[in-house]
Amino acid sequence: MPRLIAISNRVQVDTDGENANRGGLAVALAAALRTSNGIWFGWSGEQTEEFTGQITFRRADGVATATIDLEAQDVDEYYNGFANRTLWPLFHYRLDLTEIARDFAGGYARVNWRFAETLAPLIEPDDLIWVHDYHLMPLGQHLRSRDFANRIGFFLHIPWPPPSLLMSLPNHQELVKSMLDYDVIGFQTDEWRQAFIDYVTAQFDCECDGDCVRFDGRCTRLLVCPIGLDTADFCGAVHSLAAKQAQTRLAVSAVGRDVIVGVDRLDYSKGLQERFAAYELLLTDHPELCEKVFLLQIAPPSRGDVPSYQQIRTELSTLSGSINGQFASIDWVPIRYVNHGHSRDELFGIYRAARVGLVTPLRDGMNLVAKEYVAAQDPADPGVLVLSCFAGAAAQLEQAVIVNPHSTEDMADGIARALAMPLAERQERHRAMLECITQHDVQWWSRKFMEALTGGPDSEELPRLLKTASNKG
Ligand code: GDG
């Protein structure tokens, strides 16, 4: 079996069971790598005075890692800059928050070059290379320019924006063209894949048929491959001591009230202000729910060096304070707003104690919290998932109560409906969703991607490719 080299911006292995600062990509990639003979390459998260390209090799939590440190200027321009102030907002449809600067683009190009330069001596001819996410879109091209003929794939964890949005990026053609050096590009949903096709067919002289884009003599396969959980492991974690303790602690403190839970990195794409507003409307429209429910919002801060993230933190504190001031009584607080993370097992106990799981991003590539909430439920008495129609997960979890996060009323109605849902309906919806996340787990996701990466052209296209080649010859 060929070796897998997975590359992502950050390498974050769970060394102490406290993975609260890790995003969805790190959680899923570690799970996928544990079951394969692979190595995970990327930034350590540490800074160095001057970039040396020195690699630190480790093995942690069953995963072999190879990390490099970056200079402060790299972190500013590439990570906080182009990745998180330009691409992240743009790809989440937030042109209003998208910052365009040449320094950012320069830093992005430099760090991608540094990744390629450092990684190159590690690559063997048979290695499969799997690049992850928006931080490293041009990395495949950098490797090809060093004459690597390995199979190289790319997976985008976030949405792909419509062409008209993408075109607000200077040098958008250059960036997207660089991606056509990959053998496979994976997307979370068909919507993002279609948006990619719309862009390349409008901008480049390329042929696109079936799931293949042909450009400049190369075929790039476009794959829809929704990311999943390590579902078996997660379902087991619900029975751990830490999970049971967290579940009991929350249930005891709820004193018979229904818990509505939200768990999100503090990020504007997660729609937290809109969610708080919907909850406020719910309490206004349904005074009978006051003192009967509360919202537990867990939101560990992320990307604290980026101004828009500092701003959302302030706004949410103000909003939760205002809602609590308006509705609280001497022994009831409507919103428990928690700004720090919990261990994975604790989180599972919390999910299980909650009657409603509220996952209402304005735009999200997938959203693993939605799947985690389903995995953590007791099938005999499951809670209800209220899910944004703009989360990639909505394409799979159709039995959730699907809401429009831009409509405060729709969200408030969805929460009320979830709270009132009879047991039989809850069980039926949960059963279908659990089946979906069990079948399409993280192992399924990595297997599907690896099959596409190793498969080469599929049998239907082979005759056509051979014909094209002989015509050219
Ligand atoms: C990107 C895409 C896509 C959160 N709080 C705590 C905690 N978390 C964990 C959750 C979950 C992860 O963080 C968040 O994953 P998401 O999928 O919701 O979101 P992103 O970080 O934005 O991830 C996303 C993902 O990549 C994978 O492809 O689904 O669309 O944006 O696992 O549990 N974990 C712990 N304590 C916390 O307080 N332990």
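All ligand and atom numbering here is 1-based and tracks the order in the structure. Numbers here are sequence positions counted from 1. A quick note: this is a predicted structure, and the numbers were derived from the prediction, not measured. Keep in mind that the numbers below use all heavy atoms, side chains included, and drop hydrogens, waters and symmetry copies.
For ligand 1, the atoms lying closer than 4.0 Å to a non-hydrogen atom of Gly365 are 30 (O). Contact atoms of ligand 1 toward Gln188: 3 (C), 28 (O) (distance under 4.0 Å to a heavy atom of the residue). In summary, the atoms of ligand 1 found under 4.0 Å from a heavy atom of Gly341, numbered by their order in the structure, are 37 (C), 38 (O). Applying the 4.0 Å criterion to heavy atoms of Arg344 picks out, from ligand 1, the atoms 39 (N).
In this structure, the ring of Phe187 has its center less than 6.0 angstrom from the ring center of Phe196.
In this structure, of His132, Arg265, Lys270, the residue bringing a heavy atom nearest to atom 19 (O) of ligand 1 is Lys270. With Val263, Ile158, Asp364 as candidates, the residue nearest to atom 30 (O) of ligand 1 on a non-hydrogen basis is Asp364.
Between His157 and ligand 1, a contact under 3.5 Å exists for at least one N or O pair. Residue Met366 has at least one N or O atom closer than 3.5 Å to an N or O atom of ligand 1. An N or O contact shorter than 3.5 Å is missing between Asp264 and ligand 1 by distance. For ligand 1, none of its N or O atoms has an N or O atom of His92 under 3.5 Å away.
The closest approach between a heavy atom of Trp88 and any atom of ligand 1 is below 4.0 Å. Distances shorter than 4.0 angstrom do not occur between any heavy atom of Glu346 and any atom of ligand 1.
Heavy-atom neighbours of Glu409 CD from other residues, nucleotides or ligands within 6.0 Å: at or below the threshold of 12.
Here the OH atom belonging to Tyr182 is positioned 8.5 Å from the CE atom belonging to Met137, to the nearest 0.5 angstrom. Atoms CE and CD, on Met433 and Gln399 in that order, are 6.5 Å from each other to the nearest 0.5 Å. Of the inter-residue distances, the one linking Leu143 atom CG with Leu119 atom CG reads 6.0 Å to the nearest 0.5 angstrom. Note that CG of Leu319 is 12.5 Å distant from OH of Tyr279, once rounded to the nearest 0.5 Å.
Within the structure, every pair that satisfies the side chain to side chain donor-acceptor pair (under 3.5 Å) test and touches residues 165-176, not counting sequence neighbours, is listed here: His172-Tyr199, Gln173-Gln203. Applying the ring pair (Phe, Tyr, Trp, His ring centres under 6.0 Å) test to every pair with at least one member in residues 377-418, sequence neighbours left out, gives these pairs: Phe390-His406.
The only member of Trp130, Phe154, Trp444 that meets ring pair (Phe, Tyr, Trp, His ring centres under 6.0 Å) when paired with Phe449 is Trp130.
In this structure, Arg363 fails the cation-pi test against Phe91, since its NZ or CZ atom is not both closer than 6.0 Å to the six-membered ring centre and inside 45 degrees of the ring normal.
When non-hydrogen atoms are compared, ligand 1 lies under 4.0 Å from the backbone of Ser343 (N, CA, C, O) but not from its side chain. Both the backbone and the side chain of Leu368 come within contact range of ligand 1, each with a heavy atom under 4.0 Å. Within the 4.0 Å heavy-atom criterion, both parts of Asn367, backbone and side chain, lie near ligand 1.
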